[in-house]
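Scroll down for the structure; my scribbles are underneath it.
Only this structure's heavy atoms are used, side chains among them; waters, hydrogens and symmetry mates stay out. No experiment lies behind these values; they were computed from the predicted model shown.
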Amino acid sequence: VEELANALDDVSLSVRENAARALGAIKDARAVPALAAKLSDPAAGIGELAAEALGNIPDAAATSALAATLSGPDASVRLAALRALARNAD
């Protein structure tokens, strides 16, 4: 988990995308702080992928990070966070 979390800061966009997807698939709560930090990543798509990944992690901190994002400035990240929260509500 630590290596993937570190990969979220890689200079390569594709490495960051793949790291976010992998962390979401692993569903380990240790990834929550790193993913939450990426909710405001300026690179296109990273915030959305971080929200999707957080939505896969059954952890209160992940839910809190997603909820806090609902008032954020990026509409696409807000929508991804809303979808992740709705998926968890089912």
Side-chain angles (χ1 to χ4, degrees):
V1 171
E2 186 176 330
E3 288 183 26
L4 286 170
N6 289 337
L8 290 172
D9 291 323
D10 196 272
V11 295
S12 169
L13 181 60
S14 64
V15 169
R16 287 187 281 165
E17 290 170 343
N18 288 327
R21 287 185 185 104
L23 289 168
I26 292 170
K27 303 179 183 181
D28 191 315
R30 293 176 294 168
V32 170
L35 287 167
K38 291 300 160 185
L39 290 169
S40 59
D41 192 298
I46 297 297
E48 293 93 325
L49 286 171
E52 286 179 32
L54 285 167
N56 290 335
I57 300 172
D59 182 77
T63 301
S64 293
L66 289 168
T69 302
L70 296 177
S71 61
D74 188 322
S76 59
V77 177
R78 287 194 312 263
L79 181 58
L82 184 61
R83 286 181 177 151
L85 288 166
R87 195 173 59 241
N88 288 342
D90 291 338

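- By the side-chain contact (heavy atoms from CB on, under 4.5 Å) test, A7 is found to be paired with V15, A19, residues two or more places apart in sequence or in another chain being considered.
- Under a 3.5 Å cut-off, the side chain of N88 and the backbone N or O of G55 do form a donor-acceptor pair.
- Here the shortest heavy-atom pairing between L8 and A20 reads CD2-N, 3.6 Å.
- Applying the salt bridge (charged side-chain N to carboxylate O under 4.0 Å, His left out) test to R21 and every residue at least two apart in sequence or in another chain returns nothing.
- Atom CZ of R87 sits about 11.0 Å away from atom CG of L82, to the nearest 0.5 Å.
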Name every donor-acceptor pair, under 3.5 Å, that has one atom in a side chain of residues 66-80 and the other anywhere in the protein, sequence neighbours excluded.
{"residue": "T69", "atom": "OG1", "partner": "A65", "partner atom": "O", "Å": "2.8"}
{"residue": "S71", "atom": "OG", "partner": "A68", "partner atom": "O", "Å": "3.2"}
{"residue": "D74", "atom": "OD1", "partner": "S76", "partner atom": "N", "Å": "2.9"}
{"residue": "D74", "atom": "OD1", "partner": "S76", "partner atom": "OG", "Å": "2.6"}
{"residue": "D74", "atom": "OD1", "partner": "V77", "partner atom": "N", "Å": "3.3"}
{"residue": "S76", "atom": "OG", "partner": "E48", "partner atom": "OE2", "Å": "2.6"}
{"residue": "R78", "atom": "NH1", "partner": "G72", "partner atom": "O", "Å": "2.7"}
{"residue": "R78", "atom": "NH1", "partner": "P73", "partner atom": "O", "Å": "3.4"}

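- Other cluster members for V11: none, since no ILVMFWY side-chain heavy atom sits under 4.5 Å from it.
- Remark: D28 pairs with R30 by the salt bridge (charged side-chain N to carboxylate O under 4.0 Å, His left out) rule, at least two apart or across chains.
- Shown here are the side-chain contact (heavy atoms from CB on, under 4.5 Å) partners of E52, two or more places apart in sequence or in another chain: L49.
- Looking at residues two or more places apart in sequence or on another chain, you find no side chain to side chain donor-acceptor pair (under 3.5 Å) involving N6.
- Residues D10 and R16 approach most closely at O-NE, 3.1 Å, considering heavy atoms.
- Hydrophobic side-chain contacts under 4.5 Å tie L13 into a cluster, directly or through other members, with I46.
- Every side-chain contact (heavy atoms from CB on, under 4.5 Å) that A29 has, sequence neighbours left out, goes to I57, D59.
- With sequence neighbours excluded, the residues satisfying side-chain contact (heavy atoms from CB on, under 4.5 Å) with A50 are L35, K38, L39.
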